[in-house]
K.L.:
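Structure below; questions to follow.
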Amino acid sequence: MKLLPLLDRIKGFFLRLLKKLPDLISGALDFVYPPVCLVCGLYCEKDICPDCIKLVTRPDKKSFNIRELYAYGDFRYYAGYSGVVKEIIGRFKFKGEMWIGRRLGNILYESFVDCFDYYDLIVYVPAGRASFLKRGFDQCSEIAAGLSKRSGLPVLRALESNSGKGRQHRLKRDSRKDNVTGRFRISDVLTKEELGKLRGSRTLLIDDILTTGSTLRECACLLIDECGCLKVDAMVFATGRTDIG
Ligand SMILES: [Zn+2]
């Protein structure tokens, strides 16, 4: 066998393996972490046990139309960013407990189970380079993977963070330029097929926490303007804002 085709086959094997890696890790994590309550750690079939769920501040409504904050679609969040929710997210993002991400995705699925038929795909807000290197994983990718596993919706890594690359990607747009600051860009390794999936799609955009809303606005704006997404609804795990309702 000639060397070059052989090298291509080896490279192909590793690329396929790399694509399957998140699923393999996810399966391994399911095995390593038995069903326990995310808060108290006691055995429980649910992500948060009946006692601990009383400590979670849930919104009154399931979805919100908050045009002044997010004008590109509907907005949903699981809980207020305080108390036990803040603790869980802190362990996930800052103490290396990567496995929590899949469970957060699972919680989102269980909380909004009726809405997922509407969507074509999931896109998540990517971590910046520095936080990815520090954390060792992309937190919203983990949440999206957990959500995908339950909903069956495909996840597309359509966005990339420009952090650490300066502002050279700033776009010269006119209409919605206020929302596009150059912190993100559409991934330049998307295939034609993937771009085709985005065009006209009803996309669900995932982030972990909503603060000012600028991240969601920028990502949604890029997805609509650059990829032709039809609608981008946002879903985040928690928000500290008290003015949504
Ligand atoms: Zn508990």
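Source: prediction; values computed, not measured.
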K.L.:
Would you mind writing out the side-chain donor-acceptor pairs for residues 235-245 within the sub-3.5 Å range, not counting sequence neighbours?
P.N.:
residue : atom : partner : partner atom : Å
Thr239  : OG1  : Leu210  : O            : 3.0
Thr239  : OG1  : Arg241  : N            : 3.1
Arg241  : NE   : Asp243  : OD1          : 2.9
Arg241  : NH1  : Thr211  : O            : 2.9
Arg241  : NH2  : Asp243  : OD2          : 2.7

K.L.:
Just say parallel, tilted or perpendicular for the rings of Phe75 and Phe64, cut-offs at 30° and 60°.
P.N.:
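Rings of Phe75 and Phe64: tilted, as their planes differ by 30° to 60°.
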K.L.:
Is it possible for you to check whether Arg202 lies under 6.0 Å from the centre of the six-membered ring of Tyr118, through NZ or CZ, and within 45° of that ring's axis?
P.N.:
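Yes - Arg202 lies over the ring of Tyr118, closer than 6.0 Å to its centre and within 45° of its axis.
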K.L.:
Going by the salt bridge (Lys or Arg N to Asp or Glu O under 4.0 Å) test, which pairs reach into residues 75-90, not counting sequence neighbours?
P.N.:
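Residue pairs with at least one partner in residues 75-90: there are none.
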K.L.:
Any Lys/Arg nitrogen of Lys62 or Asp114 sitting under 4.0 Å from an Asp/Glu carboxylate oxygen of the other?
P.N.:
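Looking at Lys62 and Asp114, the cut-off is not met.
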K.L.:
Let me confirm one number: the CD-CZ distance from Glu194 to Arg199, rounded to the nearest 0.5 Å.
P.N.:
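Taking CD in Glu194 and CZ in Arg199, the distance rounds to 12.5 Å.
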K.L.:
If I compare all heavy atoms of Leu153 with all of Phe116, which pair ends up nearest, and what's the gap?
P.N.:
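Taking Leu153 first and Phe116 second, the nearest heavy atoms are CD1-O, 3.8 Å.
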K.L.:
To the nearest 0.5 Å, tell me how far Tyr109 OH sits from Lys149 NZ.
P.N.:
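So the OH of Tyr109 and the NZ of Lys149 are separated by 13.5 Å.
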K.L.:
Would you check, one step at a time, whether the test side-chain contact (heavy atoms from CB on, under 4.5 Å) holds for Leu38 with Leu104?
P.N.:
CA-CA 9 Å; Leu38 281 174; Leu104 301 187; 4.2 Å; yes
K.L.:
Any non-hydrogen side-chain atom of Val84 less than 4.5 Å from a side-chain atom of Val56?
P.N.:
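Val84 reaches Val56 side chain to side chain.
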K.L.:
Start with the C-alpha gap between Arg183 and Ser163, add the side-chain angles, then the distance that decides, and say whether side chain to side chain donor-acceptor pair (under 3.5 Å) holds.
P.N.:
CA-CA 6 Å; Arg183 286 164 62 209; Ser163 67; over 6 Å; no
K.L.:
Can you list the steps and then say if Asp47 with Cys37 is a side-chain contact (heavy atoms from CB on, under 4.5 Å)?
P.N.:
CA-CA 5 Å; Asp47 293 298; Cys37 168; over 6 Å; no
K.L.:
State, with a plain yes or no, whether a side-chain heavy atom of Leu159 is found less than 4.5 Å away from one of Arg185.
P.N.:
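No; the side chains remain at least 4.5 Å from each other.
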K.L.:
Say you draw a straight line from OG of Ser151 to CZ of Phe112; how long is it, rounded to the nearest 0.5 Å?
P.N.:
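Between atom OG of Ser151 and atom CZ of Phe112 there are 13.5 Å.
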K.L.:
For side-chain contact (heavy atoms from CB on, under 4.5 Å), just list the numbers for Leu156 and Leu198, CA-CA rounded to whole Å, side-chain angles, deciding distance to a tenth of an Å, and then say yes or no.
P.N.:
CA-CA 9 Å; Leu156 199 54; Leu198 284 165; 3.6 Å; yes
K.L.:
Please round to the nearest 0.5 Å and tell me the distance separating atom NZ of Lys197 and atom SG of Cys229.
P.N.:
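One gets 13.0 Å once the value is rounded to the nearest 0.5 Å.
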K.L.:
Looking at side-chain heavy atoms only, is the closest gap between Arg58 and Tyr78 below 4.5 Å?
P.N.:
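Answer yes - side chains close enough.
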K.L.:
Any non-hydrogen side-chain atom of Phe92 less than 4.5 Å from a side-chain atom of Glu142?
P.N.:
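They are in contact (side-chain heavy atoms under 4.5 Å apart), so the answer is yes.
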K.L.:
Under a plain distance cut-off of 3.5 Å, with no hydrogens placed, do Tyr119 and Asp233 share a side-chain donor-acceptor pair?
P.N.:
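Asp233 vs Tyr119: donor-acceptor pair found between side chains.
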K.L.:
Strictly distance-based, threshold 3.5 Å: is any side-chain N or O of Ser111 a donor or acceptor partner for the main-chain N or O of Ile107?
P.N.:
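Between the backbone of Ile107 and the side chain of Ser111 there is a qualifying donor-acceptor contact (under 3.5 Å).
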K.L.:
Compare all side-chain heavy atoms of Ile209 with those of Tyr77 and state whether any distance is below 4.5 angstrom.
P.N.:
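A side-chain contact is absent here, since even the closest heavy-atom pair is not under 4.5 Å.
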K.L.:
Does the side chain of Thr203 come within less than 4.5 Å of Ile122's, by heavy atoms?
P.N.:
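Not in contact.
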K.L.:
Could you work out, with salt bridge (Lys or Arg N to Asp or Glu O under 4.0 Å) as the rule, every residue matching Lys93, not counting sequence neighbours?
P.N.:
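Per chain and number, Lys93 pairs via salt bridge (Lys or Arg N to Asp or Glu O under 4.0 Å) with Asp208.
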K.L.:
CG/Leu108 to CD1/Ile206 distance, rounded to the nearest 0.5 angstrom?
P.N.:
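CD1 of Ile206 is found 6.0 Å from CG of Leu108.
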K.L.:
Could you grab the distance from atom CD1 of Ile48 to atom NZ of Lys54, nearest 0.5 Å is fine?
P.N.:
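These two atoms lie 13.5 Å from each other.
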K.L.:
Are any non-hydrogen side-chain atoms of Asp138 and Pro126 less than 4.5 angstrom apart?
P.N.:
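They are in contact (side-chain heavy atoms under 4.5 Å apart), so the answer is yes.
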K.L.:
Could you tell me whether the side chain of Lys134 reaches within less than 4.5 Å of the side chain of Phe94, counting heavy atoms only?
P.N.:
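No, every pair of side-chain atoms sits at 4.5 Å or beyond.
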K.L.:
Tell me whether Glu110 is salt-bridged to Arg150, with the criterion being a basic N under 4.0 Å from an acidic carboxylate O.
P.N.:
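A salt bridge links Glu110 with Arg150.
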K.L.:
Can you list the steps and then say if Tyr124 with Ile143 is a side-chain contact (heavy atoms from CB on, under 4.5 Å)?
P.N.:
CA-CA 9 Å; Tyr124 59 89; Ile143 299 173; over 6 Å; no
K.L.:
Using only heavy-atom distances, determine whether the side chains of Glu45 and Tyr43 contain a donor-acceptor pair under 3.5 Å.
P.N.:
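A donor-acceptor contact under 3.5 Å links the two side chains.
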